[in-house]
Amino acid sequence: MKKYNHRQIEKKWQKEWQKKKLNQVNQRSRKKKCYCLVEFPYPSGEGLHVGHIRSYTAMDVVARKRRAEGYEVLYPMGWDAFGLPTENYAIKTGRPPALITRQNINRYRKQLQSLGFSFDWSREINTSDPNYYHWTQWMFLQFFKAGLACKAKMPINWCPQDKIGLANEEVVDGKCERCGGPVETREKKQWLLRITKYADRLDRDLDLVDYPEPIKIQQRNWIGKSNGVLIKFGSIEIFTTRPETIFGTTFIARHGNTDRFTGEYVVNPANQEKIPIWEAVYVMKNVGTGAIMGVPAHDERDLEFARKHNLPIKEAAKAITEFVGGKMTTKYKLRDWIFSRQRYWGEPIPLVWCERCQKWQPVPEKDLPVKLPPVKKYQPTDTGESPLAAIESWVSTKCPKCGGPARRETDTMPNWAGSSWYYLAYLGAKNLKRKTKNRLNFHSLIPNSQRWLPVDWYNGGLEHTTLHLLYSRFWHKALYDLKLAPGKEPYGKRTSHGLILASGGEKMSKSRGNVVNPDEIVKRFGADTLRVYEMFMGPFDQAISWHEDGLIGARRFLERVYKLGLKVKSQKANIKVANQKLKLLLNQTVQKVGEDIEQMKFNTAISALMILSNNFEKEPAVAISDLKVFLKLLSPFAPHLAEEVWRGLGEKLSIHLAPWPRKRQVKIVKVKIVIQINGQTRDVLETAPGLEAEALKLAALGRPKIQLWIKDRPIRRLVTVPDRLINIVL
RNA sequence: GGGCGAGUGGCGGAAUUGGUAUACGCGUACGCCUCAGAAGCGUAUGGGCUUUGCCCUUGAGAGUUCAAAUCUCUCCUCGCCCACCA
């Protein structure tokens, strides 16, 4: 075969790797472990997004490097399969969500497999599988029993025309996305998970993990810890972080729908002054105590409010020496996690309401999972309950405690539930499939968790920083307190990828019609080209636009590598030792690629590989061992092509079983020293390294170009940087 | 309103973290190859000029320094996330 035929090559090696089970992890291995995790996709109808590929390729590169470094690597994949779009599609088409989900998953799996990711497919999980949500429900019950779940009235978006509750996403500019009518706020009793109980630990334990600083900051801001003081103004207790400004208080305000004076007054405990009580829109109900002391002299919003309503604005108050009846306290902005949805396509909440006991009773563990019953209509009911409420035979049940008549909870869980513990589920993926699973307890379901947790490296999207990532940390901590999971934190290291935008710089979306289909690219250019392009296109953590032109560059690079393989294979003389320059470059590349992968600077890693292959091309002959080092460095990025060329050189074992190249010390024989005059580069000197400052000075001054610049002006100063630079200041 | 980022050729982007600005790739031009095209290969490619060489150039302006894309300050523009954070 003389031409780089990506279709044939990629299919061949994918089959071979699968047959040899190259990517299956041995959980009991004695080797050092490395758990690499990427956010599992929601199997939507649109198919795999090129953004998924960016994240998955990056971690695939890391996983492959770790294997080559001798680690036992777990790199799993699964499906975050519950969710609103599938349900809405079911409503539209009348087809069961489970069926739609199965079809979407099959498509996603095929797409992911076509890209040659080294996932351990024997551990595939699916959050909508009853074997999976069995345990999501089980964990919810543990939280319920531990007092972490409670029901409370919460506002929801309500469309009076369609008579359904709406997700935030379905409300566009205050209007219902379906009918365009106005959306109201309604109070509804919802299940809450008490994440606020963990606010302090979620904040504090960020010190224990290796997350990028902006992510830590964003989580801290979201949790919103603030130390302040509770002060009573008569019957109203306010929260302030600035107690010293109390003398400047000219009014008290609590949350209201409009700005209005209540007609009531209280006394300022600091100076016994009588001040009015107002209701104000700008005061937030959920922050602090929901009431503030208005200090226009110190707070701009207070000032604005006071101006608008002609309230007195005092000049700067004296510092308070001792405030009256105050109490030091800590408040958080974080709110409890609303855990119910009035929807069909989610995990049923495994509780029943018993009339006789007048209590919510947990479904006994032996009766788990509470399976989603088949329904005819997926529409929410007119009353805003989930479609499950319409199935009387399912709702009506017996109280597990007293045997009396009882009714099932018809709310389901949010999609964040299943994804909160999936890193654990991968460890027990094989057990989840077993028929005997009901006899397992949680500890034997998730084997070796002590050894395999925390996740060593978790890559995902920035948009999940304050939702999934925080929920999952909370879930883990709750499990930890119940002695169900090891360690305080689930994820040791977190990184994030930048968004891939369409070529115009806009978001890719179906409605804009600018979505790039990876299938076509794999077909036309090959999986390796797509992988290399996505790693080369720009800095990994930054948003970047898609440019089809760049694919051509990646493809050309791989074609040249292919040709290089043919050239080396057919060359007559077997070169054993490369020339000095090449040897140095080879070792620099080993170092550069290794370091760049660790820092996720994939674009410069590929660039270094291109420079090396360009240099190989210029040589009349290349040592086979040198080319093999290059191929090994390339193999995490372009696993199929690297394998093909590697085997073509006579190797019997897969390149992916070969060890990562070691750096060798190579003596540097020549350095370029920049000669500057007044900070401007005027000449470059090539010399042996280790030149002393005095010798360098003489060499520099001896250069004719430099002579011309200096003429007879006196040298005021000399600055030298060894083996790098000399600056002559005139 | 708050927070986090980012502004470098025609384009995507490099820059040893203060030490040759524009690596690598795309595009473009010319040449080779070819009956011809495509592909491939080679050379060139920030701008300007009075072109052995010189001057300018990292959003704008100032500052620190022998030396600034990099550090400091002021301003401008763009992206993302959150929200009336007491």
Side-chain angles (χ1 to χ4, degrees), chain A residues 3 212-218 220-226 228-229 238-243 245 253 255 280-284 286-295 298-302 304-305 331-334 461-467 498-499 501 503 505 507 532-533 536-539 541-554 556-557 559-560 563 588 591-592 595 601 603-614 617-618 672-685 705 708 715-721 723-730:
Chain A
K3 249 189 115 197
E213 207 48 41
I215 290 183
K216 287 191 183 184
I217 290 168
Q218 214 180 314
R220 287 212 161 97
N221 288 345
W222 184 263
I223 294 164
K225 182 175 179 170
S226 57
V229 175
I238 63 95
F239 176 77
T240 179
T241 57
R242 302 285 308 276
T245 65
H255 174 76
V281 179
Y282 83 94
V283 177
M284 290 173 79
N286 302 300
V287 177
T289 62
I292 60 146
M293 56 183 205
V295 189
H298 281 272
D299 187 300
E300 285 207 17
R301 276 161 315 138
D302 289 356
E304 204 181 304
F305 187 81
K331 291 277 177 191
Y332 299 90
K333 206 174 73 180
L334 187 70
L462 271 171
E463 69 275 20
H464 291 126
T465 302
T466 52
L467 296 170
L499 227 59
L501 305 164
S503 33
K507 255 190 166 169
V532 167
Y533 168 60
F536 183 62
M537 67 195 299
D541 58 353
Q542 274 172 41
I544 194 155
S545 304
W546 186 264
H547 287 284
E548 181 109 2
D549 291 349
L551 276 165
I552 292 165
R556 282 213 275 252
F557 167 54
E559 262 168 19
R560 290 162 76 153
K563 277 193 213 160
Q588 281 170 344
Q591 175 153 359
K592 172 96 179 130
E595 285 170 1
K601 289 165 81 175
N603 52 338
T604 49
I606 303 258
S607 156
L609 288 170
M610 286 171 168
I611 291 170
L612 182 58
S613 90
N614 289 346
E617 277 177 342
K618 281 181 200 138
K672 279 184 182 174
I673 297 176
V674 170
I675 306 171
Q676 295 184 334
I677 307 250
N678 292 338
Q680 298 268 28
T681 301
R682 295 302 175 191
D683 202 359
V684 179
L685 175 72
K705 274 188 193 171
L708 272 169
I715 295 167
R716 284 173 43 205
R717 196 169 163 184
L718 270 175
V719 182
T720 51
V721 181
D723 290 344
R724 179 143 309 230
L725 167 139
I726 178 164
N727 188 10
I728 302 160
V729 186
L730 299 176

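Side chains included, hydrogens not; waters and symmetry mates left out as well; all remaining heavy atoms used. In the text below, chain A, chain B and the rest are named by the order of the sequence lines, each starting its count at 1.
Separation of the C1' atoms belonging to B/C56 and B/U8 is 15 Å when rounded to the nearest angstrom. Across the C1' atoms, B/A69 and B/A60 are found 15 Å apart, a figure rounded to whole Å. Comparing B/G79 with B/G31, their C1' atoms are spaced 44 Å from each other, to the whole Å. A distance of about 28 Å separates the C1' atoms of B/C71 and B/C81, rounded to the whole Å. As rounded to the nearest Å, B/G3 and B/U58 have P atoms that lie 29 Å from one another. With P as the reference atom, B/U45 and B/U64 are 37 Å apart, rounded to whole Å. Taking the P atom of each, B/U70 and B/U65 are spaced 16 Å apart, rounded to whole Å. On the C1' atoms, B/U72 is 29 Å away from B/C55, given to the nearest whole Å.
Where A/Q680 and A/W222 each meet RNA chain B at their nearest nucleotide, the meeting point lying more 5' is that of A/Q680. Between A/R724 and A/L467, the residue anchored nearer the 5' end of RNA chain B, judged by the nucleotide with its closest heavy atom, is A/R724.
As a whole-Å value, the separation of A/R220 CZ from B/C4 P is 14 Å. The distance between atom NZ of A/K563 and atom P of B/A39, rounded to the nearest whole Å, is 12 Å. The CG atom of A/L334 sits 12 Å away from the P atom of B/A83 (whole-angstrom rounding). Residue A/M610 contributes atom CE, which lies 10 Å from atom C1' of B/C26 at whole-angstrom precision. Atoms NZ (A/K672) and P (B/G19) sit 18 Å apart, rounded to a whole Å. Rounded to whole Å, atom C1' of B/C11 lies 15 Å from atom CD of A/E548. Atom CD1 of A/I606 is separated from atom P of B/G25 by 12 Å (rounded to the nearest Å). Between A/I217 atom CD1 and B/G2 atom C1' there is a gap of 13 Å when expressed in whole angstrom units.
Between A/F557 and A/V532 the shortest heavy-atom distance is CD2-CG1, 4.4 Å.
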Self-check item: Worked verdict on A/I728 versus A/L718 for side-chain contact (heavy atoms from CB on, under 4.5 Å)
Solution: CA-CA 5 Å; A/I728 302 160; A/L718 270 175; 3.5 Å; yes

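Here the side chain of A/N603 is nearest to one of B/G13, B/U16, B/G25, namely B/G13. In this structure, the nucleotide among B/A23, B/C11, B/U17 sitting nearest to the side chain of A/H547 is B/C11. Nearest nucleotide to the A/F536 side chain, out of B/A6, B/C41, B/G12: B/G12. Comparing B/C85, B/A67, B/C82 by their closest approach to the side chain of A/N727 singles out B/A67. Taking every side-chain heavy atom of A/V719 into account, B/C66 is the closest of B/A14, B/C66, B/U20. Nearest to the side-chain atoms of A/Q218 among the listed nucleotides B/C41, B/C81, B/A14 stands B/C81.
Within the 4.0 angstrom heavy-atom criterion, only backbone atoms of the sugar-phosphate kind lie near A/V729; the bases stay farther away. At a threshold of 4.0 angstrom between heavy atoms, the contacts of A/R556 are confined to the sugar-phosphate backbone, with no base atom among them. Looking at heavy-atom distances under 4.0 Å, A/D549 makes contact with sugar-phosphate atoms alone, never a base. As judged by a 4.0 angstrom heavy-atom cut-off over every strand, A/Q676 is placed among the base-contacting residues. Counting non-hydrogen atoms under 4.0 angstrom, A/L725 reaches a base of the nucleic acid. If you check every strand for non-hydrogen atoms under 4.0 Å, A/K705 touches nothing. Within the 4.0 angstrom heavy-atom criterion, only backbone atoms of the sugar-phosphate kind lie near A/R682; the bases stay farther away. Note on A/I728: nothing from the nucleic acid sits closer than 4.0 angstrom, heavy atoms only.
Nucleotide B/U34 is matched to nothing when pairs are restricted to Watson-Crick or G-U wobble geometry with both distances under 3.5 angstrom. In this structure, B/U16 makes no Watson-Crick or G-U wobble pair, since no nucleotide meets both defining distances under 3.5 angstrom. If you check B/C75 for Watson-Crick or wobble pairing at under 3.5 angstrom, you find it paired to B/G59. Look at B/U43: its Watson-Crick or wobble partner, with both distances under 3.5 angstrom, is B/A29. Summarising the base pairing, B/U65 is matched to no nucleotide, lacking a Watson-Crick or G-U wobble pair whose two defining distances lie under 3.5 Å. Pair assignment for B/C84 gives none, since no Watson-Crick or G-U wobble pairing has each distance under 3.5 Å.
Only one option out of A/D683, A/T681, A/N727 pairs with A/V674 in a side chain to side chain contact (heavy atoms under 4.5 Å, CB included); it is A/T681.
To the nearest 0.5 Å, the span separating CG on A/L551 from CZ on A/F536 amounts to 12.0 Å. Atom-to-atom distance recorded for A/K563:NZ and A/K3:NZ is 10.0 Å, nearest 0.5 angstrom. We find the CG-OG1 distance between A/L334 and A/T466 to be 10.0 Å, quoted to the nearest 0.5 Å.
With a glycosidic angle further than 90° from 0, B/G5 counts as anti. In this structure B/U22 sits in the anti conformation; its chi angle is more than 90° from 0.
Side-chain atoms of A/Y533 come within 3.5 Å of backbone N or O of A/H547 as a donor-acceptor pair. Using a distance-only test at 3.5 Å, with no hydrogens or angles considered, a donor-acceptor pair links the side chain of A/K333 to the main chain of A/N221.
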